[in-house]
Amino acid sequence: MTTTAIPHRPLRALARDALRGAWDRAVASGALPPTKPDTDLPAIEVERPANPAHGDIATSLGLKLARPYRRAPLEIARALAAELERAEAPGGGTLFASVEVAPPGFVNLRFADAALEAVVAAVLDQPAGWGRVHAAKPLKANVEFVSANPTGPLHIGNARGAFVGDLLCRVLEAGGHHATREYYFNDFGAQVRNLGASVVAIRAGQAVPEDGYRGAYVHDLVAALPSDLAAEADRDPDAASWTVGRWASEQVRRGIEASLAHLGVHFDVWKTESSLHDEGWVARAVARLRESGHVYEEGGATWFRSTAFGDDKDRVIYKSNGDPTYFAADIGYVTEKFSRGFDHLVYIWGADHHGTVARLQNAAQAMGFDRAAVEVLLIAWVRFVRDGVEASMSKRAGEFITLDELLAEIGVDSARWFFASRAPTTGIDFDIELAKRQSNENPVYYVQYAHARIASILRKAAENGFERAIDVRGALAGASEAALVRALVRFPEVVEDAAAARETQGVTTFATDLATTFHAFYRDARVIDPDEPERTRARLALVRATQVTLANALALLGISAPESM
RNA sequence: GCGCCCGUAGCUCAGUGGAUAGAGCGUCAGGUUGCGGACCUGAAGGUCGUGGGUUCGAGUCCCGCCGGGCGCGCCA
């Protein structure tokens, strides 16, 4: 990989630096007053204006400084503008082509062509790194998601958590962090035994127990039962429930892993609840809490004093019968995760678990961990509907649509885009029939089409001898070209924002915008023209950079970028 | 009752406290003698649930109310 003197930082960050420098110089020159120690000063921020007439980037610092400085916003803006005009681009030359003061106190900035061209050159030089940014404080994050107990195949109710978790990991990684994908499941509880009992009962031709499982997959398990387990089931049905349950659970777990692989989701770690007990993590965590006085006994049970941290009630760790609660394992798991060197834990839970967030963070705090390092993202419910009728999702009753069935109907790319483009906290209606009918109109195809169209142009370019003849110089000659460059250079900023917010809607919006801008460019600017080789080379540079950006944005979402479609 | 989340165009949803609130789908009217028409151009469509407050500036922050979802176990 070659390294050049090209800005790898987002342009927005360069603008922010320039603003900071301008402020300092304005103070140094006396144009703005020195800052008093105790004043509450605004953060140095720049923004991408919605209105193109307001430039590529803007700042409202003049307005925000008006109160602490006790001066007119416009006056401050003018002082900042005067210094911003001198701001230098990393590669030399000025960073801004124009600096304008606008009432009531904005400063609107337009990047110099050379600065924009330098970004395009960087994209072409290092396409794989385009859209990956450095984090100010890189996290070593553990992201736990899905974590459905292996008592049945994943159904469409698990879809959102699976996609959102994976998307979050991808976004964190692009944002300069490290993410480990972790799946946690119960391998010894009553549910496992009930699954085994269900298999045994069906094999014996008896009714499935009250709290058993009865989907078609249970019958598949019966048919696949190995001979030794089958013999045990026939000999001693009661005792076999456990062994058969463990076997069945592992079969189901493998099926889940395969389904997830089909979604493009691969876990780094599969962690069992039993291991947390067997390896002593739970006991040690409880001891740790006890030492610091956060545990007490009452009514034969062991309690965590969660109210000391603002919870509305204390929480049971060990029941009066001695069994640990789910919460007990959670506590042990926190210490186990931190012991592996993670400095940040992310839990992706369904919104119905919001009541358990406080106790987990309280326990982490009580054990001496940074409360803020335990982050819980609550995913809102998806209401699955078939032609207006809500689809029931009961694993026990065997009434559910599996993830595999859903994807066979609407496709992975389409499903990924659907979930990526919506805020995880927003409850959504998902009409499966509607999704099938509309799958051809899914916006994801709009973006993929732009990518395929570019691939076609580049093939044509090669046929005309322009294979390697790409030259960024003069690429911003026309209005369509300028608009395209201005659209694509924002990509790293979008990634930064996505990682910070733990959301991906910004990426889908960006990709759609870029595709739209490209289609307009395509309409206005003929790329390949053998009579205009220089212009062709310049436009090819833009087209290629656009393709890289679209491909990387789609890859960030785990979506394919087809060469043709 | 208490707590958390949500309420933006006909539908599904975007919108780090900034300037004239957007997209897709749907509806209506247009566009091919040239690199992919799965595309493009335009129009209609909004008291951002509601009433206050903070702010130079509120869809965004705070409080009340209305409506919807979810929690409030020695279940997981």
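Note: hydrogens, waters and symmetry copies are ignored here, and every other heavy atom, side chains too, is used. The chains referred to below are lettered A, B, ... by the order of the sequence lines, with proteins before strands, and numbering in each begins at 1.
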- Message: Which nucleotide, if any, forms a Watson-Crick or G-U wobble pair with B:C72, using both distances under 3.5 Å?
- Response: B:G1
- Query: Applying a 3.5 Å limit to both distances, which nucleotide forms a Watson-Crick or G-U wobble pair with B:G17?
  - Reply: none
- Query: Under 5.5 Å between ring centres and under 30° between planes: true for A:Phe106 and the base of B:A19?
  - Reply: yes
- Hey, is A:His353 stacking on B:G71? Ring centres under 5.5 Å, planes under 30°. no
- Message: Is there a side-chain contact (heavy atoms from CB on, under 4.5 Å) between A:Leu32 and A:Trp23? Walk through the geometry before answering.
- Response: CA-CA 8 Å; A:Leu32 290 177; A:Trp23 188 3; 3.9 Å; yes
- Take the angle between the ring planes of A:Phe309 and A:Phe304 and call it parallel below 30°, perpendicular above 60°, tilted in between. parallel
Can you find a side chain N or O atom of [X] that sits less than 4.0 Å from OP1 or OP2 on [N]?
{"X": "A:Arg459", "N": "B:C35", "answer": "no"}
{"X": "A:Gln505", "N": "B:G15", "answer": "yes"}
{"X": "A:Ser60", "N": "B:G18", "answer": "no"}
{"X": "A:Tyr184", "N": "B:A76", "answer": "no"}
{"X": "A:Thr426", "N": "B:A14", "answer": "yes"}
{"X": "A:Lys319", "N": "B:A76", "answer": "yes"}
{"X": "A:Tyr522", "N": "B:G37", "answer": "yes"}

- Task: Identify which one of A:Trp349, A:Tyr347, A:Tyr333 satisfies the ring pair (Phe, Tyr, Trp, His ring centres under 6.0 Å) criterion when paired with A:Tyr184.
- Result: A:Tyr333
Between [atom2] on [N] and [atom1] on [X], what's the gap in Å once rounded to a whole number?
{"X": "A:Arg490", "N": "B:U16", "atom1": "CZ", "atom2": "C1'", "value": "12 Å"}
{"X": "A:Asp211", "N": "B:A76", "atom1": "CG", "atom2": "P", "value": "14 Å"}
{"X": "A:Arg502", "N": "B:U16", "atom1": "CZ", "atom2": "C1'", "value": "14 Å"}

- Task: Could you work out the separation of B:U20 and B:G57 based on their P atoms and round it to a whole Å?
- Result: 14 Å
- Item | Span that lies between the P atom of B:G51 and that of B:C66, in whole angstrom | 15 Å
- Side chain of A:Thr512 only, please: which of B:C74, B:A19, B:A23 is the nearest? B:A23
- Task: Counting heavy atoms from C-beta on, name the nucleotide in B:A76, B:A14, B:C72 closest to the side chain of A:Thr509.
- Result: B:A14
- Is any NZ, NE, NH1 or NH2 atom of the basic residue among A:Asp17 and A:Arg20 found under 4.0 Å from an Asp or Glu carboxylate oxygen of the other? yes
Can you find an N or O donor on one side and an acceptor on the other, under 3.5 Å apart, linking the side chain of [X] with the base of [N]?
{"X": "A:His354", "N": "B:C70", "value": "yes"}
{"X": "A:Thr425", "N": "B:C6", "value": "no"}
{"X": "A:Asp352", "N": "B:A76", "value": "no"}

- Task: Start with the C-alpha distance between A:Phe419 and A:Val382, add both sets of side-chain angles, then the distance that settles side-chain contact (heavy atoms from CB on, under 4.5 Å), and finish with yes or no.
- Result: CA-CA 10 Å; A:Phe419 289 108; A:Val382 183; 4.1 Å; yes
- Message: If we check side-chain hydrogen bond (donor to acceptor under 3.5 Å, both in side chains) with A:Asp187, which of these qualifies: A:Ser249, A:Ser274, A:Ser275?
- Response: A:Ser274
